[in-house]
> 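This is the structure I have questions about; it appears just below.
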Amino acid sequence: MSEQDAAGNNFLRSIIRKDIEAGRLEGELVTRFPPEPNGFLHIGHAKSICLNFGLAEHFGGKCHLRFDDTNPAKEEQSYIDAIQEDITWLGFNWSGPVRYASDYFDTLYEYALHLIREGKAYVCELSADEAREYRGTLTEPGRNSPYRDRSSEENLALFEAMRAGEFDEGSKVLRAKIDMSAPNINLRDPIIYRIRKQHHHQTGDKWCIYPTYDFTHGQSDAIEGITHSICTLEFEDHRPLYEWFIENLPVPAQPRQYEFARLNVNYTVTSKRKLKALVDEQVVAGWDDPRMPTIAGMRRRGFTPRSLRHFCEMVGVARSEGVVDVAMLEHAIRDDLDKNAPRAMCVMAPLKLVITNYPEDKVEWLSAPGHPNRDDLGTRSLPFTREVFIEQDDFREEANKKFKRLVLGKKVRLRNAYVLLAEEVIKDAEGNIVEVHCSYDADTLGEDPADGVKPKGVIHWVSASHGRRAVVRCYDRLFNHESPDRGGEDFMQHVNPDSLQVFNDCWIEPGLADAPAESHFQFERTGYFVSDRIDHSTENPVFNRTIALRDSWAKAGGAE
RNA sequence: UGGGGUGUCGCCAAGCGGCAAGGCACUGGGUUUUGAUCUCAGCAUUCGUAGGUUCGAAUCCUACCACCCCAGCCA
């Protein structure tokens, strides 16, 4: 086993390995990723995707994509489309066609009839409220429904009438007859079919009764020959029911369910319900807003499939619930982009520098590496001119020795260019610094100054005459509370009001405007950015900040 | 005072009776035309607690404690 494998090792791999060794797998490993199309996929789903597809990849098996579409009231075709795009973007390919639990509605209906004929299911006419009462509580057993002992014939007739649309929604349900006194509430005659006079995105108006999750999932797994059905911990209590159906129905295979702990990340929410609320209440611009922990949002923010997959690998798979520090996610994307993103320069809050000893009309095209330690990323040309922009934060009239940038009367190196000396500050009537006049040392291109005194600072810059205007959006965490979830409905109160900051007067090196949408860069000394996949164009460049560079100076209070 | 789970470093997480991996975070040193990267070093005498078995226990046994999930005709 390679080190890589050892890192990705987890209890599920052990289980599968043992199954293979014991010859319990007749064919190959088959897993599935079963999203309900009622929202966009989020980072937690990414973990499940990496797990299910990753397991199949690792053991040379297959992974199906199956939409768990048993509740037409909440589902939409648009979500189906988005989910497929997310999975593909992450770099996974499902085996065979896109599948739907609704593909099996006919079979599921037959299974229900089978249960009825066996005396193991009945039509119940208790209202929802009554059913709740009869169900008992966590500590008290339930009571049998008065409809529990109908004959198979009567149940068959009633169920068929349900299917024919003869009853109102909520008036009747089909229940499995198991045990109303079971300590596991899921076994207290669970509802397996309910009446929903709803148009279904896949089956249209063919059905007015829909099977529940419990009655659908395991049987769908069996029909598809899923060998290991992996879900999150909250379904653990459903496993006995999953097994009950498999045992009591003429299904073609015997899948097994295994559970793992879902992913939680601090300073964020991973609940489709809450994410939908953020969209519906327009706290964000949409499911793919760069601040959203959705896969589409993170993509737009500038995360890469590789970084997300690496993150999921780092996080691991286990059965203990915990909260992963966002710092780990941030590490994953920085790590990837540091290695792979070409470098560029962008000034976000410009201050004009006039290099007084540089000829007015002169333009030098300086060569700069695409990446400091990757020659394969080539070089780029930077126009050097008399007037350049630097960051306002990179100049001070006076400063202590810790400030390694431009100070009046001191020297600094312009990244990939010359060393210059700040000689004069020009201010407006209010005393604001308007521009700084400097002189440059023509012998310092790629060389240290002749006097041997090396400037301690290096700052980025963009030609004022040849640079291009750009809009840069900086994103911060959407919530300013470590666990916005806790305490129930109040997560909206923790929304960070400053999660988006737009810079409209940014200057980028000219070549950057030609970047295609969704290109990743490191703006040196600033952070990692991506050209927006929707709004960016050569005419109107728009970049999103994916993540800032680590900044030990700021951390130590340097920016004070 | 039901059932099902989980408890190993600030956060994830290996470990499966032989003497506590790794990653993130953090701290300190070095390199550096990015206060980035890289690099070196440090970071659990201890595994929820208390007993017990054993030459030996995070790993086995017992009891206790804490936290999570379950009473949708959601998934």
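Just so it is clear: chains get the letters A, B, ... in the order the sequence lines come, proteins before strands, and each one is counted from 1.
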> Is A:His331 close enough to B:C24 that one of its side-chain N or O atoms is under 4.0 Å from OP1 or OP2 there?
yes
> I'd like to know if A:Asn184 reaches the base of B:G4 with its side chain, counting only an N/O donor and acceptor under 3.5 Å.
no
> Record whether the side chain of A:Arg343 comes under 3.5 Å of the base of B:U34 through a donor-acceptor pair of N or O atoms.
yes
> Expressed in whole Å, how much space separates the P atoms belonging to B:C11 and B:U49?
15 Å
> State whether A:Arg175 places a side-chain N or O below 4.0 Å from either non-bridging phosphate oxygen (OP1 or OP2) of B:C73.
no
> Output one line per pair: protein atom, nucleotide atom from nucleotides 6-11 of chain B, and distance, for all N/O pairs under 3.5 Å.
unit_1 : atom_1 : unit_2   : atom_2 : d
B:U6   : OP1    : A:Arg319 : NE     : 3.2
B:C11  : O3'    : A:Val323 : O      : 3.3
B:C11  : O2'    : A:Val323 : O      : 2.7

> So, does A:Thr70 get its side chain near the phosphate of B:A75, meaning an N or O under 4.0 Å from OP1 or OP2?
yes
> Rounded to whole angstroms, how far apart are OH on A:Tyr210 and P on B:A75?
12 Å
> Do any side-chain nitrogens or oxygens of A:Lys555 fall under 4.0 Å of OP1 or OP2 in B:C26?
yes
> Taking only the C1' atom of each, what is the distance from B:C43 to B:C55 in whole angstrom?
33 Å
> Can you see if the side chain of A:Thr526 gets near the phosphate of B:U34 - specifically, an N or O under 4.0 Å from OP1 or OP2?
no
> Using OP1 and OP2 only, check whether a side-chain N or O of A:Arg334 sits under 4.0 Å from B:A36.
no
> Among A:Asp393, A:Ile390, A:Asp394, which one satisfies side chain to side chain contact (heavy atoms under 4.5 Å, CB included) with A:Leu351?
A:Ile390
> Can you find a side chain N or O atom of A:Arg196 that sits less than 4.0 Å from OP1 or OP2 on B:C74?
yes
> Hey, is A:Arg239 close enough to A:Glu259 for a salt bridge, meaning N to O under 4.0 Å?
yes
> Closest approach to the side chain of A:Ser552, judged atom by atom: which nucleotide of B:A36, B:A71, B:A75 is it?
B:A36
> Answer yes or no for this row: A:Tyr213 ring on B:A75 base, centroids under 5.5 Å, planes under 30°.
no
> When you compare B:A44 with B:G48, how far apart are their C1' atoms, in angstrom units rounded to a whole number?
15 Å
> Does the base of B:G35 carry an N or O that pairs as donor and acceptor with the side chain of A:Arg405 under 3.5 Å?
yes
> Closer than 4.0 Å, any side-chain N/O of A:Arg550 to the OP1 or OP2 of B:G35?
no
